[in-house]
Amino acid sequence: MAQEYQNILSPVEVGPITMRNRIYFAAHATVFMPLHAGVNDQSIAYYEARAKGGVAAVLTGCHLIGPVSTLTPIPPSNLADERTIPDLKRCADVIHQHGAKVICQLGAIGRLAETRPFGGVTWGASPVRLDFPPITWEIPHEMEIEEIQEIVEVYGKAAKNAKAAGYDGVEILGSGGLLNHQFLSPKINRRKDEYGGSLENRLRFQFECIEAVRESIGKDMILGFKMPGDDFVDGGITLDEGKEIACALEDTGKLDYLTVVGGIYINIPTHVPTMYYPLGPFVYLASEVRKTVKKINVNCMGRINDPTFADKIIADGHADMVGMVRALIADPEFVNKAREGREDEIRRCVGCSEACYGRYRRGLHVSCAYNPQAGRELQYPIAPATTKKRIMVIGGGVAGLEAARVAALRGHRVNLYERESELGGQVRIASKATGRTDFDEMPRYYTYQMGLLGVDVHLESEVTPEMVMKVNPDAVVVATGSVPRELGVPGGDQKNVVEPRAVLQGKIEVGQNVLVIAGEHNMQALSTAETLAEKGKRVRVLTEAFYAGSQAPFGHCSNVYSRLLRAGVTIMPLTAVKEIRGQTVITSNVLTGEEGRIEGVDTVVAAMGGKADCSLYRSLKGKVKELYAVGDCTQPRLIPQATLDGLRVGTKL
Amino acid sequence: MNIIVCVKQVIDTEHLTRIVGERTIGDPDLPRVVNPCDLVAVEEALQLKERGIADEVILVSVGSSSAKDALYRCLAMGANRAILLCDAAFEGSDSYATATLLAKAIGSLDYGLILCGQKAFDTKAGQVGYYLAEMLRIPIISGAMKMEVPSGEKVIVQRKLRGGHREVLEASLPLLVAVEEGLNEPRYVSQRAISRARSKEVKEYDRKALGLSPEYVGQRGSKTEVTSLLRPRPKRIFVPDLSLPALKRLVQIETGGFKQREGSSLTGIPQEVASRLVEILLSNKLLRI
Amino acid sequence: MDEIWAVLERYEGELDDLSWEIVAQGREIADRLNQRLCTVIIGSNISSLADSLNHRGVDEAYLLDDPGLGTYTPELHAQALSNFIQERGPRMVLWGATPNGSDLAARTAAKLGLGLVSDCIAIEVGKEGSLLYYKPTHKEKVCSTVIFSHDRPQLATVRPGSTEVKDLRSAYEIKVTPISPKLDPSKCAIRATGMIRTDPVNLLVEEADTIVSGGRGVGGKDNFRLLEEAASILGGTIGGSRIAIDNRWIPRERQIGQSGRTVKPKLYIACGISGASHHVMGMKDSEFIVAINTDPGSPIFRLADVKIIGDLLQVLPAITNEIHKQKEASKRK
């Protein structure tokens, strides 16, 4: 065992059960199934990969129990229904086979549900609307006592089914703004009966749920409670009350662990810290609680993606176990690699939330920006190739790198060509923006893998069709990426109109008064704007959409917005650029057509996205045995799509 | 001249996953080992015996009867004989009371040098040697990283200091030296060798045999008392200012909570900048010329 | 009125940094017990040292001043201190748990036949003024709570880094009391014959007083030589941000940051480091920070006491040369 990680790799007792190490795959919405449902083949394969990868426990869920609205009966896929037991049992068996424990997270959605899809009525502790950022603007129905009892009962039923399925434990979701949190937080719970007001009353519902679950599972299963240490809204739970809550929960004598997290709204960084946050920013909540409780286990989570950092958390006594989500989505083998001293091989989570959280918010199943196989374990298994080929990959951006990696893994002989002096393509440029140095982890990972897998990397090599003919490979994968798309308005070719890649790379001098045109609706314009504001420039951002960065993952976008506003950047929505004349920019309102002028602009940074650079592909068509194109050179998109292209082609070769 | 080595059997903390709520971790099923520093002390004594500087290496230990396993391991390494001070009345002894027991046992022996480990793996007090030396009225040098005994007369020790530096001290025998891990590499002994060592002498003494009255031993004879064993306290961690409104707390967390510093800017050609910086460092006592 | 004593250590002629932690710890206990906090400094010609304690939360400074106490001589120091303790009978005596502090505390406890709790991380004052000591044991897996069987004096050493240093300025006008210690050199059996100094360049980053640290801006393994030269002449060692380790420019144990080591040196020189939050979290408590970077927008500058916008490849050698020049000049004098 690597001496370095002796703390996270040491076993720990959680109630009646011993965990083999300190790292667990925490519960998160995977969207392989509807939120109220159990597990299916896709989710079982997903969980299996992490169990195999060495985690101590896998938490499935959150399985939302209870009626979503009064018009929808509890569906057969809901854990409160016995018909879910066979699937749950399959899941539990698979996880157990790999030596990990399995715990079921149960929660009730409460006012976060919407009535629009289903009709009926949503339930909440009090008729209080969600504040910014909204998941739904609806005001819920104030639950009556019988309705509260119904939820408590359904908790008990679902827990019983988890036991019948052979699960090792249950975790009650008391945070994240769901129903239990709605009863716990004084910001949301305005009730005047015995379930609202004092802390004792607000805890009543929690105690009843805990009692019901413990009654169902008996004493040989683990029961945990995920609780808020701080709501991070004024008028909500703060750390002082959080400590009281923790002590009260411990005193029930029915819990084996507490997981302490922050935040009441599930789509700002308190829930899923962005790359702008340091590592483990909310570990302090768990630490302070752990200091206060008598002896119950306390777990922490949130942007913990490094084994040394995780080890320090345990060594310094801040928590008993560390929950990881994105770190394990990015690399299911995290624990095995740490244990075997192969930490350089770990694909570390970058914190971009592009394909994990970003997809969940769109109702798409979870994946990872540069582990496209995550969530697609069944669709894209990586198996040895039947015929070993000589592959030429042209382009060292993430698309080409992923294709090269997968091809090499499968046994092909791969040569990778890159024009610049280092690998990474546009991701290398993205990392130069303020606060986004984490992106460097992607090329670091791939560069290491190239060495490990025996891929011959040729840097500073521009590839021509003649070179390809000379090399005469069995297959060619073109990953030449994209060039910046022009602004395309009169004056767009002026010398003071530049594009963000060159700005981030420091290749151009930018004047004092800057206008950034956010034409690509993701993070490029906003991050460039922040980088320039940091340098002391006066920056304004223009976008045609209702808000800039509308395609970016919401938590990320709102985080960078708050940083831009703090840095004094002005953001102008619904504004298009009509013409640029010298230092004057003529604008027009997208909806009304009303014109405007912005004077004294020294530099315009036009972030218009990319234009496919497919000339090499075109010239090779029909001239090589097998030809593929991946990434931006087929269509300019984002990192997750580029790496998925690479995975597809890599497994196809 | 004989060398006495004080040896303690400690709990193998690698396997400690849960605290047992008693005042001393007495669970007999927990695996136990010889305190690592003590092995170093035994090794050093044996090397001196092998060089002809010492005649006998005598082990002394305070413990329960399971401590015999620890003594056999050290006897297998090459020590001559062992003394085990064992009695239920010794439970709850702190460093002072333990030293009282050792002093009584050692006081009647003939020795030139006493070696012990600097700290016990489990209780980590690092004080027994000091009390023992005072009770036996001999000097003590602790923190030994390197030890030389050129003849049978004096000892030269390199003592560990801050910052990795070492102080060179010397004193004449009789002397007590507390050794640190790293002073030497204790020899490996096989299970067979340990079994064979069971034929060597381990003499047990209880309180009466030692001739100590009850008020000098165990908890009664101690100066300190462990009242409970708790979960380790977390190290200090940055907590944002809880009096701030929520959004500002989040900004503190996001930016790492460090105070911005009003730094002075140095501009100019490198030589000018360098000379100005060196001035600043000298005036702040960060550099000594 | 009863007294809480804090025995302060000297390091290279000044009071060492740990002193402020011990003063903070002592002040808290003194306030809770409504007693005075007195510091004890042992050495030779030390009257000036008490000045830095003025207005820092200390009621009185006892200076045990004698030519024989110039360097740390274990037996003489223990004599001086234990005689003084016997004379005055303080309630509690605290030391920092450093090699010399721990040694002096243990010798004093042994000489006086008193108990000692070593390496505490916290001391609590209970009802009726009882004292409870928290001490990590069993390889940090257990925290033992300890009490003394006698009421006074209670002796304890405090683990460095366990107490938060509060800014106690502008309180407490200090009374300085020189004491002539009672010494008997004839009773000393240990002779100090020399000192072996390690080259600071070999120190771990956590131990070094000065760190010259490199990031992306260093550009390559060869350029780290410039950092090593600067570190060497400054009496420190080198470190780096994650990039320096990922690129194999320096070994992993020199990584500073959240996924590496946390350091608190007296002087931290950040070269070509942008100041991303996970690096900063590992060095933000450094006493004095100098940042060298070509990009004026680097977040590291917000943390710097001295900001240098320039190329480290030119500035570092200039610094090394300047110090070298001044050292040569002073040798000639």
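Letters go in sequence order (proteins before strands), and every chain restarts at 1.
For the atom pair B:I253 CD1 and A:D230 CG, the distance stands at 7.0 Å (nearest 0.5 Å). Between atom OG of residue A:S287 and atom CZ of residue B:R236 there is a gap of 11.5 Å, rounded to the nearest 0.5 Å. Atom OH of A:Y276 sits about 9.0 Å away from atom CD of B:E254, to the nearest 0.5 Å. One finds the CZ atom of B:R249 at 11.0 Å from the OG1 atom of A:T270 (value rounded to the nearest 0.5 Å). Note that OH of A:Y277 is 9.0 Å distant from OG1 of B:T255, once rounded to the nearest 0.5 Å.
Ranked by heavy-atom pairs under 4.5 Å with chain B, the list A:R566, A:R563, A:K294 is led by A:R566. Chain B forms the most heavy-atom pairs under 4.5 Å with one residue out of A:L285, A:I296, A:V233, and that residue is A:I296.
With a 4.5 angstrom heavy-atom cutoff, A:N559 touches chain B only via side-chain atoms. Residue contact with chain A, scored on non-hydrogen atoms closer than 4.5 Å, involves the side chain of B:L242 exclusively.
Between B:L247 and A:F232, every side-chain heavy-atom pair lies at or beyond the 4.5 Å cut-off. Taking the side chain as every heavy atom from C-beta outward, B:I237 and A:D316 never approach each other to under 4.5 Å.
Heavy-atom minimum distance, A:Y284 versus B:F238: CB-O, 3.4 Å.
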